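Comments concern the structure below.
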Amino acid sequence: MSKRYLITSALPYANGALHLGHLAGAYLPADIYVRYLRLLGKDVVWVCGSDEHGAAITIRAKKEGVSPQAIIDKYHALNKNTFAALGISFDYYHRTSTPLHHQTSQDFFTTLYNQGDQFDERVIEQYYDEEYDQFLADRYIVGTCPKCGHEEAYGDQCENCGSALSPLELINPRSTISGNSPVLRETKHWYFRLDKHEAWLREWIAEGTIAGVPHHQAEQWKKHVVGQCLSWLDGGLQPRSITRDLDWGIPVPLPEAKGKVLYVWFDAPIGYISATKQWAQEKGLNWEDYWKGGDDVELIHFIGKDNIVFHCIVFPAMLRAHGDFVLPRNVPANQFLNFEGQKFSKSRGWGIEQHQYLEEFSDFPNKEDALRYALVRNLPENRDSDFRWDDFVDFYDKELADNLGNFVNRVLVLTQKYYDGVLPEVQVDLSEELLSVRRLVEEWQLEIERFSFKNAIQLVMEISSFGNTYLQDKSPWAIWKTDPDSEEVKECMFVSVQVVALLAVLLEPFLPFTAPRIREVLGLAPVAPGELSATLDKVAAGEPLLATGHRLGEPTVLFPKINDRKDSSRLEIIDRQRLKLQEIMEAEQPITAHEPVKEEIQYDDFAKLDLRTGTIVAAERVPKADKLLKLSVDLGFETRTIVSGIAEHYTPESLAGKQVVIVANLAPRKLRGIESQGMILLAENGEGKLDFVSWTAGFGNGLVVK
RNA sequence: GGCGCGGUAGCUCAGCUGGUUAGAGCGCAUGAUUCAUAAUCAUGAGGUCGGCGGUUCAAGCCCGCCUCGCGCUACCA
């Protein structure tokens, strides 16, 4: 029996939009993996959906004066549509507010409850709002933080100092519903006996075995995942409360639990199950084949690192407590993506949300794949990484346009020119010509199966690079000039076209918008499920992907460059983003205006510097450089040529006669082919403006500054 | 405070179980080339692998201490 793959991505919480960090964390990697599996013709289902319960949603609804239902409807639709627009190809995007999910969660609870030993009942004291006659969830209580004195700390956390709190710790607690001081009252809650699962969980995570029976290869899990889990287990597992006094959520299915709902963290992962049920129902399949198929099922959870403990400890414990369910074979959690060096922050406006990207880049060609590529190239697979617009531009221009796009284009153009787009007949041993490509493809497959998508996409680019190098080595254009019937040229073009055809398949998981366009210019239909298997076989056997006589389509530009001399429109889109960030930074400047003073040095360190007075006698722009000016500085005893990166701040004409201070003993350095013999001193303020360190005219050139 | 993960070329990052001269891309320098989206190709410069100490015939990879970043988690109740 062949394996079935059950893939999940963390359910987005339906009270807000998702930013690029979320996309890079749990959705894009999963999409790549799932598309890869489908290309291999595997039996795979990928589920996700909106997580729509919890106090945060009711509070937000109250604040905005709308119903919780309105909130979740809005964000469910937004997130679902945005994912779809970015090519995130879930098999099912469900939601936890559906009756099916409620029923599934209640059944799950009841099963555990009926076992008798999975839950504890505890009566605890909790704050109660007497005016509104209800218990207050942690988030409904504010008060003064005992650690930092912040007066608006929530019952679960102080947003000022970040410390985790319990409502009982707050000084002067008040209800956010009535504003009154709440009173303590007894209430009953149910606790999941996580502690009873500690032993097998440790073995499962550390060894990858369950009661000695192999389940997965523990060393294939990411280090930070295993590390954090073992750290948690070492701290000892405690029974965990799974119910809340709240009116928004899934009612606890017990007669004595009126007014109580399942804690959102309990029902959310069950959402994976209900989503699969719904999908299977609509497909006429049996959901249990995927969740209860034992060793035939590969369950993979894609999440961000904030969710590790939940998906590696709590949810597996729930699944095993329930019985029959499979456990995740791997949880390839990603770390966090930062944005231009800082964390995404909605309140600061720092970062960009997925839907916002699509809107603001609406005029950017191939914007979906441009974003996907920038993110894959920089996935936080093993540590936090950083999204920068500079990288976005570089990846797009240097790799997508110059390497990949240009390769495809030159192959197509040459083949059209020489053979009217029809593949010539050749005698060529592809397994020999494409030996290195074959190795790269094998490596590519291994990397994907190790969840190393960053490596995998770079291997694809190496194949494209191989193509460029191959073309350059053969230089068919040189041969063709004298011998248009050359066998060598035919072979070269035939082989090159095979590489393009291969790229179109390998790229599909990463660039699902571009891959079909390449197929189109090759005269092929979009790639079909399972086609990768056949492709890999052909590559291994040295058989062509496109045969002699195949007719290619007309070449088109896949990626028009951002830095394009004739068309600045794409650069303008990027520049608007840069400007936005600059404005945020400037608005915040006054608070963090000064740079920290550097490490202490000794007098001798200072004495090494030879600073001299000088006068700029001539200045001119450096050709082909936006920022550089070539300056001639009179030091009295000699005139130095100094290249300085100030062209964006000063015109050459304004500089002649300017008194400056230079570093006279700095090692010379060539910039844009001109040797710069020193460095001009300037100060830079918080807004990036510059000013010269100067001296009074007439005092003298070449004098030592100390 | 404890624990986990990370700190590798100017920048962004690879380096699987310790093994000869530490890798890639970008940037920079030099040269070649012109089919192509001013694209491509070759060559080169550049690293005390966060710091100190230790184990080993041999350490970026192992151990200890320190330091910085990210995260988890406590305590002083």
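Within every chain, numbering begins at 1; the chains are lettered A, B, ... in the order of the sequence lines, protein sequences first and strands thereafter. Keep in mind that what you see is a predicted model, and the values were worked out from it rather than measured.
- When base pairs are accepted only as Watson-Crick or G-U wobble with both N-N or N-O distances under 3.5 Å, RNA chain B takes part in stems of 3 or more pairs at B:1-7 with B:67-73, B:10-13 with B:23-26, B:28-32 with B:40-44, B:50-54 with B:62-66.
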### Query
For nucleotides 3-14 of chain B, read 5' to 3', which letter fits each nucleotide if B means a protein heavy atom sits under 4.0 Å from the base, S means only the sugar-phosphate is that close, and - means neither?
SSSSSB---SSS
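- Residue order along RNA chain B, read from the 5' end via each residue's closest nucleotide, puts A:Ser464 first among A:Ser464 and A:Phe336.
- One C1' atom belongs to B:rG23, the other to B:rA14, and the distance between them is 7 Å to the nearest Å.
- Between B:rG46 and B:rU8, the distance separating the two C1' atoms is 14 Å to the nearest Å.
- B:rU56 and B:rC72: their P atoms are spaced 40 Å apart (whole Å).
- Taking atom C1' on both B:rU34 and B:rA29, the two are 22 Å apart, rounded to the nearest angstrom.
- Evaluation of the salt bridge (Lys or Arg N to Asp or Glu O under 4.0 Å) rule for A:Lys346 yields A:Glu353 as partners, not counting sequence neighbours.
- Judged as a side chain to side chain contact (heavy atoms under 4.5 Å, CB included), and not counting sequence neighbours, the contacts of A:Phe513 are A:Asn366, A:Glu368, A:Asp369.
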### Query
Reading nucleotides 32-38 of chain B 5' to 3', which nucleotides get B (base under 4.0 Å from a protein heavy atom), which S (sugar-phosphate only), which -?
-SSBBBB
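- Under the 4.0 Å criterion applied to side-chain N and carboxylate O atoms, A:Arg388 and A:Asp394 are not assigned as salt-bridge partners.
- The nearest whole Å value for the distance from the CG atom in A:Asn403 to the C1' atom in B:rG25 is 10 Å.
- Regarding A:Glu462, its CD atom lies at a distance of 10 Å from the P atom of B:rA24, rounded to whole Å.
- For B:rG71, one of the phosphate oxygens OP1 or OP2 lies less than 4.0 angstrom from a side-chain nitrogen or oxygen of A:Lys343.
- By the salt bridge (Lys or Arg N to Asp or Glu O under 4.0 Å) test, A:Arg383 pairs with no residue at all, sequence neighbours left out.
- Whole-Å rounding puts the A:Ile457 CD1 to B:rG25 P distance at 16 Å.
- A straight line from CG of A:Asn563 to P of B:rG27 spans 11 Å, rounded to a whole angstrom.
- Distance check on atom C1': B:rG10 versus B:rC52 gives 27 Å, rounded to whole Å.
- Using P as the reference atom, B:rC70 and B:rC41 are 39 Å apart when rounded to the nearest Å.
- Remark: the separation of the C1' atoms in B:rC28 and B:rC65 is 40 Å, to the nearest Å.
- Ionic pairing of A:Arg517 and A:Glu520 is not present here: no N-O contact between side-chain nitrogen and carboxylate oxygen is shorter than 4.0 angstrom.
- More than 12 non-hydrogen atoms from other residues, nucleotides or ligands lie less than 6.0 angstrom from CD of A:Gln416.
- Straight-line distance between the P atoms of B:rC68 and B:rG31: roughly 47 Å, to the nearest whole Å.
- Ionic pairing of A:Arg551 and A:Asp420 is not present here: no N-O contact between side-chain nitrogen and carboxylate oxygen is shorter than 4.0 angstrom.
- Looking at A:Glu443 and A:Arg439, no side-chain N of the basic residue comes within less than 4.0 Å of a carboxylate O on the acidic one, giving no salt bridge.
- Atom CD of A:Glu447 and atom P of B:rA24 are 17 Å apart (whole Å).
- A donor-acceptor contact shorter than 3.5 Å links the side chain of A:His550 to the backbone of A:Leu522.
- Aromatic ring centroids of A:His19 and A:Phe339 lie 6.0 Å or more apart.
- Taking the six-membered ring where the residue is Trp, the centroids of A:Tyr396 and A:Phe364 are separated by under 6.0 Å.
- Remark: aromatic rings of A:Tyr419 and A:Trp480 are distant, center separation not under 6.0 Å.
- Here A:Glu399 lies in heavy-atom contact (under 4.0 Å) with sugar-phosphate atoms only.
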